[in-house]
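Here's the structure, in C-alpha cells; my notes come after.
A quick note: this is a predicted structure, and the numbers were derived from the prediction, not measured.
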Amino acid sequence: MNYLKKLKKNEEFEYWQGASKEEISFVEKELGVCLTDEYSKFLSECGMCNFGDINILGIAKDEESVSYPIIDLTIQMREELNIPNNFIVLSYEVGEYLTVYKVSERKNFKDSKVLGADVEYDSNQNLRLGDFEELFESFQDYFEDFIELAEE
C-alpha cells in the first residue's frame with residue numbers, strides 16, 4: 001500500500017516527512033519492540049498523520065526537527081495504564097479511548113492486529129483501562145478506515 005499517495009488524495013489530511021531507517025530503529029530501541037513491516041512503511045512514507053482531531057501517531061518530522069509522539073505516548077500509557085510492552089499506541093482520546101497496535105518484542109511481523117479499549121476515570125480520578133477488543137485485522141485495514149473518515 002502507498003500510504004502517502006492515499007493521504008495526498010484529500011487536502012484535509014495532514015502528514016509529516018517520511019522517517020529514515022535510523023529514526024525508525026530509534027523507535028524500536030526506545031520502546032524495546034520490533035515494528036511490523038507495514039507500520040515501518042507507513043513511518044517511512046508519512047511519519048504520522050491526522051484528519052482533524054483524529055490521528056495515527058508516529059514520527060513528526062519536518063525540515064527543522066524530529067519528535068517521536070509514538071514513543072512518548074506509548075511510554076506514558078505503559079506507565080499510567082500498564083499496557084503490555086508488545087503494544088504501541090496509535091491513537092488516544094484522553095480519558096475516553098485508546099487504540100493500540102500489536103507488535104513483538106523479539107521478531108518482526110509483516111502486519112498485525114489493531115485493538116482498542118475504553119479509558120475512564122474512576123471515582124478517585126485515576127485512569128482505568130477497559131478490556132481490549134480487536135478493531136482491525138491489520139494496520140492496513142485500520143489505515144483504510146482512517147481514509148474513509150474523510151469521505152463521510
With heavy-atom distances below 4.5 Å as the criterion, would you say the side chains of [X] and [Y] are in contact?
X: Val103; Y: Leu31; answer: no
X: Asn50; Y: Ile56; answer: no
X: Ser138; Y: Asp141; answer: yes
X: Gln140; Y: Asp111; answer: yes
X: Met1; Y: Phe143; answer: yes

Checklist entry - Mind checking what makes side chain to side chain donor-acceptor pair (under 3.5 Å) contact with Lys110, not counting sequence neighbours? => result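 If we apply the side chain to side chain donor-acceptor pair (under 3.5 Å) test to Lys110, skipping adjacent residues, the hits are Glu38.
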Next on the checklist: Test of understanding: with side chain to side chain contact (heavy atoms under 4.5 Å, CB included), list the residues that count as partners of Lys5, not counting sequence neighbours.
Outcome noted: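 Listed in chain order: Asn2.
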List the atom pairs, with distances to 0.1 Å, where a side-chain N or O of residues 117-131 and a protein N or O form a donor-acceptor pair under 3.5 Å, not counting sequence neighbours.
from	atom 1	to	atom 2	distance (Å)
Asp122	OD1	Asn124	N	2.9
Asp122	OD1	Gln125	N	3.1
Asp122	OD1	Asn126	N	2.9

Item to check | salt bridge (Lys or Arg N to Asp or Glu O under 4.0 Å) pairs, two or more places apart, involving residues 43-65 | outcome: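 The answer is Glu23-Lys61, Lys41-Glu45.
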What pairs of donor and acceptor atoms, side-chain ones from residues 84-99 against any protein atom, are under 3.5 angstrom apart with sequence neighbours left out?
from	atom 1	to	atom 2	distance (Å)
Tyr92	OH	Gly95	N	3.1
Tyr97	OH	Glu133	OE2	3.4

Checklist entry - Among Tyr39, Phe139, Trp16, which residue meets the ring pair (Phe, Tyr, Trp, His ring centres under 6.0 Å) test with Tyr3? => result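 Of all the options given, the one that passes is Phe139.
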Next on the checklist: Do Ile54 and Ile70 sit in one hydrophobic cluster, given that two such residues count as connected whenever their side-chain heavy atoms are within less than 4.5 Å of each other, even indirectly?
Outcome noted: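 Ile54 and Ile70: one cluster.
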Checklist entry - Is Phe26 linked to Ile75 within one hydrophobic cluster, defined over Ile, Leu, Val, Met, Phe, Trp and Tyr using a side-chain heavy-atom separation of less than 4.5 Å? => result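 Yes, Phe26 and Ile75 fall within the same hydrophobic cluster.
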Which pair of heavy atoms, one from [X] and one from [Y], lies closest together, and at what distance?
X: Gly58; Y: Leu43; result: CA-CD2, 3.6 Å
X: Ala60; Y: Pro69; result: N-CD, 3.9 Å
X: Leu7; Y: Cys49; result: CD1-CB, 3.8 Å
X: Tyr142; Y: Asn55; result: OH-O, 4.0 Å

Let me confirm one number: the [atom1]-[atom2] distance from [X] to [Y], rounded to the nearest 0.5 Å.
X: Ser112; Y: Leu35; atom1: OG; atom2: CG; answer: 11.0 Å
X: Phe42; Y: Ile24; atom1: CZ; atom2: CD1; answer: 10.5 Å
X: Cys46; Y: Gln17; atom1: SG; atom2: CD; answer: 12.0 Å

Checklist entry - Any donor and acceptor pair, going by atom type alone, linking the side chain of Arg78 with main-chain N or O of Leu73 inside 3.5 Å? => result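 The answer is no, because no donor-acceptor pair under 3.5 Å joins these two groups.
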Item to check | Aromatic ring proximity, centroids under 6.0 angstrom, Phe146 and Phe13 | outcome: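 They qualify: ring centres under 6.0 Å apart.
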Checklist entry - Does the pair Val66 and Ile59 meet the rule for a side-chain contact (heavy atoms from CB on, under 4.5 Å), with working shown? => result CA-CA 7 Å; Val66 178; Ile59 300 171; 3.8 Å; yes
Checklist entry - According to the side chain to side chain donor-acceptor pair (under 3.5 Å) rule, which pairs have a member within residues 66-77, sequence neighbours left out? => result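 The answer is Gln76-Glu80.
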